[in-house]
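Chain letters run A, B, ... following the sequence lines, proteins first and then strands; every chain starts at 1. Atoms considered below: every heavy atom in the structure, side chains included; atoms not considered: hydrogens, waters and symmetry mates.
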2 protein chains.
Amino acid sequence: MAQSQSDALLDIGQLLKATRKGRQLTQEQVADIAGISRPRYREIEAGSSAARTTTLINIARALGLELMLVPQAMVPAVDALLRPHDDLDDFPAFVAHPDGDLGV
Amino acid sequence: MAQSQSDALLDIGQLLKATRKGRQLTQEQVADIAGISRPRYREIEAGSSAARTTTLINIARALGLELMLVPQAMVPAVDALLRPHDDLDDFPAFVAHPDGDLGV
DNA sequence: CGTGAATGATATGTAAATGGATCTTATTTT
DNA sequence: AAAATAAGATCCATTTACATATCATTCACG
């Protein structure tokens, strides 16, 4: 059916890593701004640990991202809006991807 | 500057509650689908405790929502896309709102 | 009114996130 | 190549998420 929690964590980690590199920041810098330790940020980026909601929000903001909860039916539209995001720096937008197999 | 973590949790809780009521589900039903206990879901909905990332994803999905990480610069656009969402049932879309005071 | 369902709220115990220290292994940089 | 910096990885102590049980309160409805 869909992505397991582990997969979601891995995906989030990948996005964080890609965004961080796009911003040319070190793990320590991001961890610092987000107010967590580097070992912890490392685990979150590696997807081997499920951060608290508040921690994830802090990390996201440290990277210039915002956490949003979007109606599943709107995900494709939002995705489409985000993809052609060719700015100075472009990061992929993360979706928790149930799979994409909604009957939209 | 911006929203504290506590405020973010309260906002998330409000969205969850509004969405749940829109879907006419009980706390127990959502908790059940999300795989957590009712007291636990109650606390998260009340914003008095920060769920793990995986838990939040599960709850969101139980309510037909998806967790997304969006570049802050794109938040207004996504918000605009989400607001006129007058479907069969319409839920507000959550944003972790740093405040809206980005120089966009 | 009163009966039951939904919700608010708390307590105890377990599991997992987090911080801090430390060590190793890349990856740069000079 | 050596030095420095970043990243991978593991340990222990503390905090907190979460389950389960329980009771109070509110709310819908006959």
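The side chain to side chain contact (heavy atoms under 4.5 Å, CB included) check on T26(B) picks up E28(B), Q29(B), with sequence neighbours excluded. Partners of S49(B) under the side-chain hydrogen bond (donor to acceptor under 3.5 Å, both in side chains) rule, at least two apart in sequence or in another chain, are R40(B). With sequence neighbours left out, the side chain to side chain contact (heavy atoms under 4.5 Å, CB included) criterion links Q5(A) to T54(B), N58(B). Under the side chain to side chain contact (heavy atoms under 4.5 Å, CB included) criterion, Q27(A) pairs with R20(A), R38(A), Y41(A), R42(A), E45(A), sequence neighbours left out.
Computed from C1' positions of five pairs at each end, the angle between the two local axes of the helix from dC1(C)-dG30(D) to dT30(C)-dA1(D) equals 60°, rounded to 10 degrees.
You'll find that the side chain of S37(B) is closest to dT20(D), out of dG20(C), dA17(D), dT20(D).
Dashed line: the shortest gap from a side-chain N or O of S49(A) to OP1 or OP2 of dA16(C) is not under 4.0 Å.
When the C1' atom of dT15(D) is taken as reference, atom CZ of R52(A) falls 6 Å away, rounded to whole Å. The CD-C1' distance, from Q29(B) to dA5(C), rounds to 12 Å in whole Å. In this structure, Q5(A) atom CD and dA17(D) atom P are separated by 18 Å, rounded to whole Å. Atom CG in N58(A) sits about 14 Å away from atom C1' in dA17(C), given to the nearest Å. As rounded to whole Å, 19 Å separates atom P of dA6(C) from atom CZ of R23(B). To the nearest angstrom, C1' of dT22(D) lies 18 Å from CZ of R40(B). For the pair I44(B) CD1 and dC18(D) C1', the interatomic distance rounds to 8 Å; values are reported in whole Å.
Taking the side chain as every heavy atom from C-beta outward, T53(B) and T53(A) never approach each other to under 4.5 Å. For the pair V30(A)/L16(A), no side-chain contact is recorded, criterion being any heavy-atom separation below 4.5 Å from C-beta on. Taking the side chain as every heavy atom from C-beta outward, Q72(B) and R61(A) approach each other to under 4.5 Å.
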M68(B)/V78(B) under side chain to side chain contact (heavy atoms under 4.5 Å, CB included): CA gap, chis, key distance, verdict: CA-CA 11 Å; M68(B) 298 187 72; V78(B) 174; over 6 Å; no
One character per nucleotide, please: for nucleotides 7-12 of chain C, 5' to 3', B when the base has a protein heavy atom closer than 4.0 Å, S when only the sugar-phosphate does, - otherwise. BBBB--
